[in-house]
Amino acid sequence: MTINNSIKTVNVALGKSSYPIHIGSGLLHQADVVQTPINTKQICIVSNRVIADLYLSTLTDSLTKDKDLIIETVILPEGETNKNQTVLNTIFDQLIETQFSRDCLMIALGGGIVGDMTGFAAACYQRGVDFMQIPTTLLAQVDSSVGGKTGINHRLGKNLIGAFYQPQAVIIDTDVLRSLPKREIAAGMAEVIKYGFIRDKNFLHRLDDTIDDTIQLSPEYLAEIIHTSCQHKADIVANDEKEKGERATLNFGHTFGHAIEALTEYKTYLHGEAIAIGMMMALDLSHLLGKITETDIAFAEQLLQRANCPTRLTKTDADNFNLSPDNIYQAMQRDKKVAKGKLKLILLEKLGKSMIRDDIDKALILQAIAKRIN
Ligand SMILES: NC(=O)c1ccc[n+]([C@@H]2O[C@H](COP(=O)([O-])OP(=O)(O)OC[C@H]3O[C@@H](n4cnc5c(N)ncnc54)[C@H](O)[C@@H]3O)[C@@H](O)[C@H]2O)c1
Ligand SMILES: [Zn+2]
């Protein structure tokens, strides 16, 4: 395959399960790129209505250029509440009814919900078929499409049923972000900035220089920050695919953030927004432990604010949902990252370097949370 020079590629190094992530502007139009992982005639594209209306025909045109393929499309209903067993079954129904065989290829065209469900369906159908991720939200491009975590929710909790299952390739077309609502861009930026906080101080400075152009969707800066983010995720996943160690640092801000999401019933904040506030709580706690300075915190907060992320809970939300430090702390205890009864927190040693701690006093945690409630 000839890949044009403006495409950036990251390799996720996992031995026999290694795969490339191609990043660039206009990739959906490039037949040579989207056809990379195809060695079958049967292709099942999974998407939702909004995304399919925008991008499905472009993708199908590129897939079928000079190729004779049978393409089935499954349209999933929108939303986190539909990331469930019943909807998953509709994918299997269609694959079985159309007699898709074990050597078919599944393609996820969508955000994290479509990606997680398609990946899990691919892991299960006939004990595992090939799949490709074409993520269409910034969050999916820098986080959920990379690393092989797939799954669905159970009524008793998020992402409780799933598999580690790696795709054959990830194709990231930065142009699709133009149709994404601005709030979703901001939510994705929180995860981008997270990589800087936990392992790359230089990236934080680069973001400081470029963030205004990036959120205006400059293709050049978008490709650069997505490339750096995917490289970080790929490195972490290559070191620790099944989350026995370093992969846990990707949960920076998430124990606080998950508690905020749960207490606000997943209706008030997008995941990335809750994570932005959670990261500020984790930064404040790191400061209370004497690890990072007030100047670091001010820098971090400004960066998140310039990315249009919230950095504290509003008084109205705190009142409406009873978001007291105690209630948030209780909800943190219920998060699945509590190992053997101990609250495991990802904090910062300094900007650009994380640490994993399970020995922090409750009083300090409450103090850090309280700082972020107006
Ligand atoms: N597997 C992982 O490692 C991992 C990591 C993080 C998050 N997740 C999962 O990801 C999910 C959240 O993903 P998300 O934030 O992408 O949300 P999402 O998939 O719900 O997409 C957000 C919204 O944007 C719309 N949309 C998507 N692409 C668009 C585009 N290009 N133009 C216009 N609209 C578009 C969608 O229809 C949806 O309404 C959660 O279920 C979460 O659990 C998984
Ligand atoms: Zn996240």
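Each ligand, and each atom within it, is numbered from 1 in the order the structure gives. Reckoned from all heavy atoms, side chains included, excluding hydrogens, waters and symmetry mates.
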#### Entry: Contact (N/O only, under 3.5 Å) between Arg247 and ligand 1
no
### Task
Tell me which one of Glu184, Glu78, Arg49, Lys149 gets a heavy atom nearest to atom 39 (O) of ligand 1.
Glu78
## Note on the structure
the protein heavy atom lying closest to atom 26 (N) of ligand 1 turns out to be Leu180 CD1, 3.8 Å
### Query
Going by distance alone, is a donor N or O of one side chain under 3.5 Å from an acceptor N or O of the other, for Asn89 and Gln85?
no
### Query
Looking at Lys233, which atoms of ligand 1 are within less than 4.0 Å of one of its heavy atoms?
3 (O)
#### Entry: N or O pair under 3.5 Å between Val114 and ligand 1
no
### Summary
atom 4 (C) of ligand 1 has as its nearest protein heavy atom Ser144 CB, 3.2 Å
### Query
Would one find an N or O of Leu177, backbone or side chain, under 3.5 Å from an N or O of ligand 1?
no
### Summary
Of all protein heavy atoms, the one nearest atom 28 (N) of ligand 1 is Thr136 OG1, 2.8 Å
## Note on the structure
Quick note on ligand 1: atoms under 4.0 Å from a heavy atom of Glu80 include exactly 40 (C), 41 (O)
### Task
Tell me which protein heavy atom sits closest to atom 20 (O) of ligand 1, plus the residue, atom name and distance to 0.1 Å.
Ile113 CD1, 3.3 Å
### Task
Name the closest protein heavy atom to atom 10 (O) of ligand 1, giving the residue it belongs to and the distance to 0.1 Å.
Gly112 CA, 3.3 Å
### Query
In terms of ring plane angle, is the pair Phe203 and His232 parallel, tilted or perpendicular, where the classes change at 30° and 60°?
tilted
### Message
Quiz question: by atom type and distance under 3.5 Å, do the side chains of Thr98 and Glu72 form a donor-acceptor pair?
### Response
no
### Task
For residues Met132 and Gln168, determine if any side-chain heavy atom of one lies less than 4.5 Å from a side-chain heavy atom of the other.
no
### Task
Would you kindly say whether Glu191 and Ser229 are connected by a side-chain donor-acceptor distance under 3.5 Å?
no
#### Entry: Interfacing atoms of ligand 1 (cut-off 4.0 Å, heavy-atom, Asn48)
36 (C), 37 (O)
### Query
Which atom pair, heavy atoms only, marks the closest approach of Met279 to Leu304?
CE-CD2, 4.0 Å
### Message
Polar contacts were defined as any N/O atom of the residue lying under 3.5 Å from an N/O atom of the ligand; does this apply to Asn159 and ligand 1?
### Response
yes
### Query
N/O of Asp143 under 3.5 Å from N/O of ligand 1, yes or no?
no
### Message
So, 2.8 Å as the limit: is an N/O/S atom of Asp143 located closer than that to the Zn ion (ligand 2)?
### Response
no
### Query
Quick one: do the Tyr55 and Ser47 side chains pair a donor with an acceptor below 3.5 Å?
no
### Query
If you measure only the distance, is there a donor-acceptor pair under 3.5 Å linking the side chains of Asp326 and Ser324?
no
### Task
With heavy atoms only and a cut-off of under 4.0 Å, state how Leu139 meets ligand 1: side chain, backbone, both or neither.
side chain
### Query
When you draw lines from the Zn ion (ligand 2) to OE2 of Glu191 and to NE2 of His254, what angle lies between them, to the nearest 10°?
120°
## Note on the structure
Contact region, Asn153 to ligand 1, non-hydrogen atoms below 4.0 Å, reads neither
### Query
So, Tyr266 versus Glu80: side-chain donor-acceptor pair below 3.5 Å or not?
no
### Query
At what distance is the nearest protein heavy atom to atom 21 (O) of ligand 1, and which residue and atom is it?
Thr137 CG2, 3.6 Å
#### Entry: Check: Lys194 side chain, Leu250 main-chain N or O, donor-acceptor pair, under 3.5 Å
yes
### Query
Looking at ligand 1, does any of its N/O atoms fall within less than 3.5 Å of an N/O of Ala140?
no
#### Entry: Donor-acceptor under 3.5 Å (Asp240 side chain, Ile236 main chain)
no
### Summary
Quick note on ligand 1: atoms under 4.0 Å from a heavy atom of Ser179 include exactly 30 (C), 31 (N), 32 (N), 33 (C)
### Query
Taking heavy atoms and a distance under 4.0 Å, where does Thr150 meet ligand 1: side chain, backbone, both or neither?
neither
### Task
Report yes or no: do Ile211 and Tyr195 belong to one cluster of Ile/Leu/Val/Met/Phe/Trp/Tyr joined by side chain heavy-atom distances under 4.5 Å?
yes
### Message
With nothing but distance in play, are any N or O atoms of Tyr55 less than 3.5 Å from an N or O of ligand 1?
### Response
no
### Task
May I ask you to identify the nearest protein heavy atom to atom 9 (C) of ligand 1, giving residue, atom name and distance to one decimal place in Å?
Asp116 OD2, 3.4 Å
### Task
May I ask you to check whether Asn374 and Thr314 show a side-chain donor-acceptor distance below 3.5 Å?
no
### Task
For Lys83, take its heavy atoms, then give the atoms of ligand 1 lying under 4.0 Å from any of them.
9 (C), 40 (C), 41 (O), 42 (C), 43 (O)
### Message
Between Asp93 and Thr90, is there a side-chain donor-acceptor contact under 3.5 Å, judged purely by atom types and distance?
### Response
no
## Note on the structure
Between Arg247 and Val146, the two heavy atoms sitting closest are NH2-O, 4.4 Å
